[in-house]
Amino acid sequence: MALSEQFLTQIRDSNEISSVMSSYVNLKRAGRDSVCLCPFHSEKTASCHIYGDTQSFYCFGCGAGGDVITFIRLIERLDYLESVRFLAQRAGIPMPEDSFDRGAQMRQRLLEINREAARFFRDILISDKGIEGRKYLYGRGLTDNTIRKYGLGYAPESWDTLKKHMLSKGFDEGELTDAALLSKNQKGHTYDKFRHRVMFPIIDRRGNIIAFGGRALDADAPAKYLNSDETPVFHKRSSLFSLNFAKNTKEKFLILCEGYMDVISLNQAGFDNAVATLGTAITPEQARLMHQYCEQVVISYDSDGAGQKATMKAINLLAEAGIEAKVLQMTGAKDPDEYVKKYGADGFRMLLQQSGGAISFELRKLTSGLDMDSPEGKASYLKKAINLLADVDNRIDRMVYISDTAKLCGMTSGEIDKAVEERRRYRSSNAKKEEKKNLINPPRRQEGTNGAASAHTARQKAERGVIAFMLHSPDLLPKIEAELLGEDFTEGFYRNLYNCIAQRIKNGGSLELSSLGDEFSAQEMGKITGIIQENNLLPYQKERLREYIGVLIKSRDRYGGKKPQEMSDDELRQEMEKLRTEKMKIRN
């Protein structure tokens, strides 16, 4: 069922957009409005604007935008109705009883399945059947309190124990397969995906169990760790293990680890700000997610080659997300779990205090494989170090690193500083040349690739302008319809939006963003918000509307009422000849 305008207004009024967004990002005042670093793409300069008068947001970098409902759709990865329900619960407003849709019902069902499966794994762990699981966890130094806190469990060495249990609870095989708890063989028979494994429930920020990780107890298992496949409630790229605890930490930084046990051991030792990626290298989505809770991350990856390589990727992605990265330098232990066991919580706390910045880490990495006692080794190192130091924008920071590099190479700081400045001037010169080139011949982008930064054709600008006028001045619809048809909007999205708005105006429906969200995707809501924002910078004068209508009529007449794809080869050749003639006239 469609939600009433009165209910949507109540939801919007009870969830002021700045208040909601401030729970996820740091807002800064900018006149009457606010700005923030966009949580939907990586950036260092705030391009996301929050407008109090319209209760909307728009990112001029990536094109994300809409009202408070759209924001929740994007940040929580929910559909429209689930986002409304999320905000209703936040404000203590009851939802209409028959407002569930099939997608929401399926996701709710998957969460119920995961809860029951977690109970099953936990109960098996504490039973006689779970002795191997308990032996492993106790052997890793975990206490009963920690095991309960994380809801750890054990999947028995059986092909169908979980399956039988879940079927007895009223779930069917199709649902269990959708929840990634069952797998299918080539004959189509289902079996338990997790077998003879210690189970780690993966919990989202709202406390929902969205997936599982399983640690094999068989030495010859094909995969040491096995994670749930992606489902409608689990998106690996945008999830972090233990964020449900870390988001409430009093610390101002997060500790980024590689695995479940590292995080759990640190948490047990008193470090509740530890999180881990889920069996993959860090993703841009995870970096932006962390930025919602901190401005600094200490990378605590394993000290082996793979861990160090992953550290470099993490440094770059965190920097893109606007997060200051520090790197833990562990000696005497291969990972945080082992370090805490050997040196205790105080030892690890001292290690955190000694963690170095990302630049120091990268400079040390440059010496790998080089003989720093030889002239050749020093020369090779300096070439790489100068390129790296030229990327450091802050002059004071740069001088500190230059001083360290000079000592390492037995040179003066002035010599290295001169080389770094020459490199910076060279890069700046190239950047200015590129900027001048773009001013003379600006690069064109296809619409949708970069939100407001996209270059629009004259026709697209006209289509967007007409739609903006309809939203701003619905009383102009008769004038617009007297000259234009929906078919004059060549792109499907603009045509659908035009028809939707026209129908709502005729029916006396609402044109608020919150009511449009039911008919358009979160990405399309960003486009609609972009249309509004770019046209609000211009006066809503009827002369401008006439120009837009004229462009669309001229475009229609140019093709004799036909779209290019509907024309014959001869008609297309004639049209191309006309265009060439027009261009020659302009040049002459």
Side-chain angles (χ1 to χ4, degrees), residues 2 56 58 62-67 69-70 73-74 79-80 444-536 538 540 542 544-568 571-572 575 579:
S56 64
Y58 186 69
C62 68
D67 65 342
I69 298 174
T70 310
R73 289 173 76 177
L74 291 170
D79 65 18
Y80 175 75
R444 294 183 63 81
R445 299 190 186 100
Q446 294 299 316
E447 184 191 359
T449 59
N450 196 22
S454 301
H456 300 296
T457 65
R459 178 197 278 268
Q460 287 172 337
K461 287 181 180 177
E463 292 178 355
R464 294 166 71 88
V466 170
I467 288 169
F469 267 91
M470 293 169 68
L471 290 168
H472 181 269
S473 305
D475 57 306
L476 293 176
L477 178 63
K479 173 179 175 57
I480 294 171
E481 284 197 317
E483 302 190 64
L484 296 177
L485 298 171
E487 289 72 18
D488 290 317
F489 293 76
T490 56
E491 186 179 317
F493 166 69
Y494 293 137
R495 185 164 58 250
N496 292 340
L497 181 56
Y498 170 85
N499 290 330
C500 171
I501 295 171
Q503 194 62 42
R504 281 172 176 262
I505 293 173
K506 292 174 185 176
N507 295 338
S510 171
L511 300 179
E512 294 285 348
L513 287 173
S514 55
S515 64
L516 293 173
D518 190 24
E519 298 189 44
F520 295 94
S521 70
Q523 289 69 32
E524 289 172 333
M525 290 299 292
K527 284 188 177 183
I528 296 171
T529 310
I531 291 172
I532 296 170
Q533 293 304 328
E534 71 183 39
N535 280 276
N536 280 349
L538 301 170
Y540 280 95
K542 292 184 179 180
R544 182 159 70 98
L545 177 59
R546 280 197 294 270
E547 288 179 8
Y548 290 148
I549 292 175
V551 168
L552 296 183
I553 291 175
K554 184 178 180 180
S555 181
R556 175 211 303 161
D557 293 343
R558 167 173 288 172
Y559 298 113
K562 291 183 179 181
K563 298 177 182 178
Q565 59 266 34
E566 297 172 343
M567 299 172 69
S568 68
E571 289 172 327
L572 277 173
E575 186 57 38
L579 289 174

Show your reasoning for whether side-chain contact (heavy atoms from CB on, under 4.5 Å) applies to Leu484 and Ile553. CA-CA 8 Å; Leu484 296 177; Ile553 291 175; 4.1 Å; yes

How far does [atom1] of [X] sit from [atom2] of [Y], to the nearest 0.5 angstrom?
| X | Y | atom1 | atom2 | answer |
| --- | --- | --- | --- | --- |
| Leu545 | Glu483 | CG | CD | 8.0 Å |
| Leu477 | Gln503 | CG | CD | 10.0 Å |
| Asn496 | Phe489 | CG | CZ | 11.5 Å |
| Arg495 | Ile467 | CZ | CD1 | 11.0 Å |
| Thr529 | Asn536 | OG1 | CG | 11.0 Å |
| Ile480 | Ile501 | CD1 | CD1 | 9.5 Å |

At their closest point, which heavy atom of [X] faces which heavy atom of [Y], and how far apart are they?
| X | Y | result |
| --- | --- | --- |
| Thr70 | Ala522 | CG2-O, 3.9 Å |
| Lys542 | Leu476 | CE-CD2, 4.0 Å |
| Val551 | Ala458 | CG1-O, 3.9 Å |
| Cys500 | Leu516 | SG-CD2, 4.2 Å |
| Leu74 | Ala64 | CD1-CB, 4.2 Å |
| Ile531 | Ala468 | CG2-CB, 4.0 Å |

Look at the aromatic rings of Tyr548 and Phe469 and report parallel, tilted or perpendicular, splitting at 30° and 60°.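 Correct class here is perpendicular.
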
Would you call the rings of Phe520 and Phe493 parallel, tilted or perpendicular, where under 30° means parallel and over 60° means perpendicular?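 Correct class here is perpendicular.
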
Kindly determine whether Glu487 and Tyr498 satisfy side-chain contact (heavy atoms from CB on, under 4.5 Å), including the steps that lead there. CA-CA 10 Å; Glu487 289 72 18; Tyr498 170 85; over 6 Å; no

Non-hydrogen side-chain atoms of [X] and [Y] separated by less than 4.5 Å:
| X | Y | value |
| --- | --- | --- |
| Leu513 | Ile532 | yes |
| His472 | Asn535 | no |
| Arg73 | Met525 | yes |
| Arg504 | Pro474 | no |

Short side-chain donor-acceptor distance under 3.5 Å, Tyr494 and Arg464: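 Yes - a donor-acceptor pair under 3.5 Å links their side chains.
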
